[in-house]
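In what follows, a single structure is set out as structure tokens and then discussed.
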4 protein chains.
Amino acid sequence: MSKARLEAFSDGVIAIIITIMVLELRPPASAELAGLWHMRQEMCAYTLSFVLIGIYWNNHHLLVSAMRRVTGAVLWANLHLLFWLSLIPFATAWMGRLPTNPIPIAVYGTVLFLDAIAYTILQTTIIGADGRGSELARAVGHDFKGRISLASYAAAIVLAFVNYWFSYALFIFVALLWLVPDRRIASRTAAQ
Amino acid sequence: MSKARLEAFSDGVIAIIITIMVLELRPPASAELAGLWHMRQEMCAYTLSFVLIGIYWNNHHLLVSAMRRVTGAVLWANLHLLFWLSLIPFATAWMGRLPTNPIPIAVYGTVLFLDAIAYTILQTTIIGADGRGSELARAVGHDFKGRISLASYAAAIVLAFVNYWFSYALFIFVALLWLVPDRRIASRTAAQ
Amino acid sequence: MSKARLEAFSDGVIAIIITIMVLELRPPASAELAGLWHMRQEMCAYTLSFVLIGIYWNNHHLLVSAMRRVTGAVLWANLHLLFWLSLIPFATAWMGRLPTNPIPIAVYGTVLFLDAIAYTILQTTIIGADGRGSELARAVGHDFKGRISLASYAAAIVLAFVNYWFSYALFIFVALLWLVPDRRIASRTAAQ
Amino acid sequence: MSKARLEAFSDGVIAIIITIMVLELRPPASAELAGLWHMRQEMCAYTLSFVLIGIYWNNHHLLVSAMRRVTGAVLWANLHLLFWLSLIPFATAWMGRLPTNPIPIAVYGTVLFLDAIAYTILQTTIIGADGRGSELARAVGHDFKGRISLASYAAAIVLAFVNYWFSYALFIFVALLWLVPDRRIASRTAAQ
């Protein structure tokens with residue numbers, strides 16, 4: 001019951017976050033293809049953020065479906081994650097408009113870094129509520145992907161000031177890393 | 001469980017996509033009927049897109065309710081469809097504002113074409129997960145409507161450069177083709 | 001199952017419609033109370049539309065919970081209602097900005113009239129699917145409230161050109177008429 | 001059933017309210033950190049409102065899950081609460097832009113005060129429907145936190161005209177007061 005409503009609210013917020021980014025894509029004033037071409041960077045930023053938020057939804061879904069208990073701490077860790085996710089549209093719009101400037105790219109990386117921290121906190125809080133010996137704790141294990149993501153985002157923030165292509169490459173690398181849903185949790189929950 | 005959340009998230013995203021288009025309809029500055037008349041093309045574009053997204057929701061609903069297994073591939077094929085659907089408000093706003101120019105009409109047709117491709121991929125992925133001999137595979141059959149839609153959108157893109165009325169006629173033709181929900185799936189799922 | 005998803009999608013769309021109206025309320029540029037006072041008409045229009053959409057949600061909820069079968073016709077009648085409801089934010093914004101001009105008031109009345117028509121069509125379609133002797137058919141009966149609402153909206157459209165206070169009085173009258181939920185359906189469904 | 005849909009609709013509206021505030025955060029025109037620094041007050045206002053709406057969602061969730069009966073009065077008390085919550089993005093945007101002016105701060109406090117009144121009305125209505133001897137009535141008890149919140153908001157409105165830091169301190173005080181979910185209800189519903 002509590003779990004169903006936590007999922008419903010999270011789904012609602014994530015669905016809105018992933019969709020309102022499209023409001024930033026203003027149709028060109030002219031009817032020329034050049035107008036679309038001019039928006040290519042905003043389109044790429046939108047696509048990247050859509051994929052990254054889709055990954056969060058996907059992993060959130062696996063995490064919550066493996067969860068056994070909803071505590072107050074879990075509710076707040078979940079809202080904390082939603083807060084940082086809600087800043088992605090803002091960071092996406094800034095980076096999409098000024099795609100070759102280090103500051104907006106570093107800010108985008110920072111928001112992603114804080115999203116990843118918030119996700120890790122939620123995961124830890126759920127494992128704490130479920131107990132160390134829980135299925136989820138075993139499934140998450142050493143959480144290599146989570147650690148690699150955090151390190152990649154940290155590197156992307158710094159490298160934005162060296163060469164912004166490094167940052168974009170790291171954002172895409174993390175997206176590819178997670179595009180395969182977390183089989184460890186998935187296989188275990190499927191086996192239930 | 002997994003299926004319920006896939007539906008809930010898709011419903012949320014589709015509900016937002018279908019509704020935020022209305023934010024593009026800016027009320028006229030004057031209190032004259034002429035102001036509304038000036039918006040007739042934007043209104044028509046909104047109505048067309050509302051109907052087309054409504055058709056996707058309807059068919060998505062039948063497809064998912066006939067689905068037996070949610071795999072990682074199904075989740076991603078679903079997000080892929082939602083991505084292309086999320087571009088409809090953008091394409092609608094552009095075409096609605098410049099309704100007699102070939103490029104915005106061709107871009108609108110392209111977004112619809114890619115939506116139809118993404119829907120076909122989702123359908124194929126679900127059938128792949130459920131097994132060739134599944135109910136859904138038999139219900140979809142040769143998917144004549146899907147093929148006719150794809151061909152119509154492709155033709156609409158090209159014909160936008162000849163005479164845009166051909167393109168509009170084809171968009172409306174596809175809408176009418178699907179306004180009757182897919183009885184093949186519906187009748188079989190109803191019989192369950 | 002089908003019914004649950006029809007409700008979920010309708011809830012999503014109505015929730016978005018009722019909430020995005022608030023995006024029209026732009027905070028005043030100055031920090032004076034006069035700025036708020038200047039918005040009093042937009043605030044009133046927002047409140048009126050919020051109440052009217054709330055009434056639709058409430059009645060929709062009672063209607064669908066009494067429904068026994070979801071057919072293709074019911075799905076489309078429902079989408080048709082959502083389409084006309086989705087125009088309320090547009091009409092509200094226009095009337096709120098030009099609250100003493102007959103045309104925006106008449107257009108607002110027309111949208112409400114078409115909402116009421118669409119609701120009646122949905123109700124008739126559901127009764128048609130459930131069967132004449134169904135509980136819902138008996139509960140709706142002669143539908144006096146629905147007929148009075150339609151007549152009031154029609155009168156409000158015409159009277160906007162005579163004296164707009166008549167139109168506002170009629171809008172408020174219909175809101176008050178429905179603020180009490182439809183006890184006929186409610187009492188019967190509660191008794192199930 | 002009725003209860004599930006009341007929750008689903010409330011979740012949808014609250015999810016939209018909490019998320020559309022981010023649309024007010026316009027990315028800076030320049031690519032400088034100074035642009036972000038210039039937005040610090042809007043960011044703080046967004047964060048404060050996010051937390052306060054999160055608290056409402058959390059408490060609403062506990063309140064409704066402990067509820068036994070959905071009456072017409074409960075539905076309307078719930079819509080009444082959603083109405084006042086829907087004004088938070090407006091008040092947040094005004095205060096965020098003019099953060100040192102008493103009027104926008106007092107208006108923000110007034111909206112929060114009215115939210116708290118509406119929540120109290122909903123709570124009282126649910127207890128009235130469930131019966132005086134209900135679990136919820138015992139769990140809520142004297143509702144000290146609710147009374148302290150109301151008094152704090154009232155004080156914040158007045159003190160905005162003395163020194164606005166008092167108002168901000170009171171808003172943060174109420175947020176901290178509620179950040180711990182209402183253990184009285186939570187512990188009792190958990191025990192069910």
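The structure presented is a predicted model; accordingly, all values stated were derived computationally and were not measured. What's counted below: heavy atoms across the whole structure, side chains too, no hydrogens, waters or symmetry copies.
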Open item on the list: Counting only non-hydrogen atoms closer than 4.5 Å, does Ile17(C) touch chain B with its backbone (N, CA, C, O), its side chain (CB onward), both, or neither?
Closed with: both
Open item on the list: Please confirm whether the ring centroid of Phe83(C) lies under 6.0 Å from the ring centroid of Tyr46(B).
Closed with: yes
Task: Met43(B) versus chain C, the contacting section by heavy-atom distance below 4.5 Å - done: side chain
TODO: If the plane angle is over 60° it's perpendicular, under 30° parallel, otherwise tilted; pick one for Phe9(C) and Trp57(B).
DONE: parallel
TODO: Kindly indicate, with the supporting measurements, whether the criterion side-chain contact (heavy atoms from CB on, under 4.5 Å) is fulfilled by Arg5(C) and Val64(B).
DONE: CA-CA 11 Å; Arg5(C) 207 173 158 189; Val64(B) 170; 4.1 Å; yes
TODO: Determine the minimum heavy-atom distance between Pro28(B) and Trp94(C), stating which atoms define it.
DONE: O-NE1, 2.9 Å
TODO: Quick one: closest heavy-atom pair of Val51(B) and Trp76(C), and the distance?
DONE: O-CH2, 4.2 Å
- [ ] Check Ala15(B) against Val13(C) and note the closest heavy-atom contact, atom names and distance.
- [x] CB-CG2, 3.7 Å
Open item on the list: Counting only heavy atoms not in Arg40(B) (residues, nucleotides, ligands), do more than 12 fall under 6.0 Å from its CZ?
Closed with: yes
Task: Atom pair CD1 (Ile14(C)) and OG1 (Thr19(B)), whose distance is rounded to the nearest 0.5 Å - done: 10.0 Å
Task: pair Leu6(C)-His61(B): side-chain heavy atoms closer than 4.5 Å - done: no
Task: Approximate separation, where rounding is to 0.5 Å, of Met39(B) CE and Phe90(C) CZ - done: 4.0 Å
TODO: Determine the option with the most heavy-atom pairs under 4.5 angstrom with chain C, choosing from Ala8(B), Ser30(B), Gly12(B).
DONE: Ser30(B)
Task: Atom group of Leu23(B) that falls short of 4.5 Å from chain C, counting heavy atoms - done: side chain
Task: Spacing of CG belonging to Leu36(B) relative to CD1 belonging to Ile103(C), to within rounding of 0.5 Å - done: 8.0 Å
Open item on the list: Would you compute the distance between atom CD1 of Ile18(B) and atom CG of Leu82(C) and round it to the nearest 0.5 angstrom?
Closed with: 7.5 Å
Task: Part of Leu33(B) lying under 4.5 Å from any heavy atom of chain C - done: both
- [ ] Considering only heavy atoms and a distance below 4.5 Å, find which of Leu79(C), Asn101(C), Val107(C) pairs most often with chain B.
- [x] Leu79(C)
